[in-house]
**Q** 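To start, I am sharing the structure in question, which I have written as structure tokens.
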Amino acid sequence: MLAAERLQKIIQLVNERGSIRVAELSQLCGVTEETIRRDLDKLEDEGKLVRSHGGAISIQDQANEIPFFVREATNTEEKRRIAQEAIKRIEPGDRIILDASTTAWWMARLLPDIPLTVLTNSVKVVLELSTKEKIQTISTGGLLQPSSLSYVGPLTERSLESYHVDKMFLSCKGVHLDQAITESNELQAIVKRKMIARADTVYLLADYSKFGLRSFTRVAPWEDIDYLITDEATDPELLNQISERWSISVTRLGSG
């Protein structure tokens, strides 16, 4: 495969999957990981993708929400494992908020049927919890965004102001050392800021592909985050910096 063909294939794979790891690109293209890293650096300089720790992320529709069915199929195993770890932080009787992320949807799928109150702006989360009789589910209502199957807007924001919860679990589009937590959609970012303000404790759930990415609009500074749960592909040095600078408790799956 010629270098130009390899670069085109990398762009195609990144755009098809939303994000992909260096190791996987190395296998698919039949070259070393070091060669892939140089290719990704070149493509990022040309504005054709965004580098992340351990891989690359598509720049397609960066200022718009990626449809739920696309996000649902991206980094599925990492999201499922992060969600399973997050559930360990929930106790019977808790009042929690789940945002409209696919990781929150995984939490809803995996949650045991125990006494809980769950507040959410996600249609998918509501449907997932509807079969669990012991869980009281409250939907914010509001303006439905078809792409994300979630509610946003003034009605959603006013609804959130009526509640107070013990814990919030959120994900995002980008996690950056300087820009902190960012989103591709401003209306979603506003809702998440409101959710954070209503919670005693905030858990950020982010797989490796989110790190190093600065998306369209800021959700919150690091000071608003209490706990961070991620997977083993995330750069441990970056996680150490986050933990030390902002006193955030970090869980990196598979790190022992």
Side-chain angles (χ1 to χ4, degrees), residues 11 13-21 40 43-44 46-76 78-79 82-83 97-107 120-125 140 142-154 156-157 160 168-197 202-222 224-225 228-231 234:
I11 295 171
L13 288 167
V14 171
N15 287 338
E16 285 177 351
R17 304 189 184 191
S19 66
I20 193 168
R21 296 185 186 185
L40 294 180
L43 291 170
E44 183 177 50
E46 295 174 355
K48 295 178 179 177
L49 52 75
V50 176
R51 290 282 272 116
S52 66
H53 289 279
I57 300 169
S58 172
I59 63 169
Q60 290 186 346
D61 301 322
Q62 284 291 304
N64 299 305
E65 282 196 293
I66 298 173
F68 189 93
F69 74 90
V70 175
R71 293 186 287 122
E72 181 182 2
T74 304
N75 299 333
T76 302
E78 288 86 352
K79 292 174 181 177
I82 289 170
I97 290 179
L98 297 179
D99 71 358
S101 65
T102 49
T103 308
W105 170 67
W106 268 108
M107 286 187 68
T120 185
N121 69 322
S122 168
V123 174
K124 293 281 285 186
V125 167
T140 60
L143 176 66
L144 178 65
Q145 289 202 321
S147 61
S148 60
L149 295 174
S150 65
Y151 296 111
V152 296
T156 306
E157 296 161 30
L160 288 167
M168 181 202 174
F169 298 87
L170 83 153
S171 191
C172 59
K173 187 67 175 293
V175 179
H176 192 273
L177 190 63
D178 298 320
Q179 296 300 314
I181 317 307
T182 57
E183 261 298 339
S184 59
N185 181 280
E186 189 169 11
L187 293 175
Q188 288 287 359
I190 293 171
V191 169
K192 292 186 184 192
R193 282 197 290 272
K194 289 284 186 180
M195 289 177 166
I196 289 171
V202 178
Y203 292 82
L204 174 62
L205 316 177
D207 67 72
Y208 75 94
S209 70
K210 309 292 180 66
F211 288 82
L213 180 62
R214 288 174 288 187
S215 199
F216 179 63
T217 184
R218 197 183 199 200
V219 174
W222 282 113
D224 286 353
I225 306 301
L228 168 61
I229 304 176
T230 187
D231 59 279
T234 305

**Q** Roughly how far, to the nearest 0.5 Å, is the NZ atom of Lys79 from the CG atom of Leu205?
**A** 11.5 Å
**Q** If every non-hydrogen atom of Ile11 is compared with every non-hydrogen atom of Leu43, which pair is closest and at what distance?
**A** CD1-CD2, 3.7 Å
**Q** So, Trp222 side chain and Asp178 main chain: donor-acceptor pair closer than 3.5 Å or not?
**A** no
**Q** Checking Lys124 against Trp105: charged group under 6.0 Å from the ring centre and within 45 degrees of the axis?
**A** yes
**Q** Looking at Arg218 and Gln179, would you say the former's side chain and the latter's main chain have a donor-acceptor pair under 3.5 Å?
**A** yes
**Q** Go through the structure and list residues passing side-chain hydrogen bond (donor to acceptor under 3.5 Å, both in side chains) with Thr120, not counting sequence neighbours.
**A** none
**Q** Identify the two heavy atoms, one from Lys192 and one from Asp99, that lie closest to each other, and give their separation to 0.1 Å.
**A** NZ-OD2, 3.2 Å
**Q** Can you see which heavy atom on Asn121 is nearest to which on Ala100, and at what distance?
**A** OD1-N, 3.4 Å
**Q** Please list, chain by chain and in numerical order, all residues satisfying side chain to side chain contact (heavy atoms under 4.5 Å, CB included) with Ala220, sequence neighbours excluded.
**A** Ile196, Asp224
**Q** Looking only at non-hydrogen atoms, find the nearest pair between Leu98 and Met195 and report the distance.
**A** O-CE, 4.1 Å
**Q** Keeping Thr140 on the side-chain end and Thr156 on the backbone end, is there a donor-acceptor pair under 3.5 Å?
**A** no
**Q** Would a 4.5 Å heavy-atom cut-off, applied to side chains only, mark Lys173 and Gln188 as touching?
**A** no
**Q** Please report the interatomic distance CG(Asn185) to CD(Gln145), rounded to the nearest 0.5 Å.
**A** 4.5 Å
**Q** Atom OG1 in Thr102, atom CG in Leu149: separation rounded to 0.5 Å?
**A** 12.0 Å
**Q** On a heavy-atom basis, which atom in Leu170 and which in Ile225 lie closest, and how many Å separate them?
**A** CD2-CD1, 4.5 Å
**Q** Tell me if a side-chain donor or acceptor on Thr230 pairs with a main-chain N or O of Ala206 at a distance below 3.5 Å.
**A** yes
**Q** Hey, could you give me the CG/NZ distance between Leu40 and Lys48, rounded to the nearest 0.5 Å?
**A** 13.0 Å
**Q** Return the set of residues passing side chain to side chain contact (heavy atoms under 4.5 Å, CB included) with Leu144 (not counting sequence neighbours), or none when no residue passes.
**A** Val123, Tyr151
**Q** Return the set of residues passing side-chain hydrogen bond (donor to acceptor under 3.5 Å, both in side chains) with Lys210 (not counting sequence neighbours), or none when no residue passes.
**A** Ser171
**Q** What distance separates Ile82 CD1 from Thr103 OG1, expressed to the nearest 0.5 Å?
**A** 6.0 Å
**Q** How far apart are the closest heavy atoms of Glu183 and Cys172, and which atoms are they?
**A** OE2-CA, 3.3 Å
**Q** Checking Asp231 side chain against Tyr208 main chain: does a donor-acceptor pair fall under 3.5 Å?
**A** yes
**Q** Mind checking what makes side chain to side chain contact (heavy atoms under 4.5 Å, CB included) contact with Ile190, not counting sequence neighbours?
**A** Glu157, Glu186, Arg193
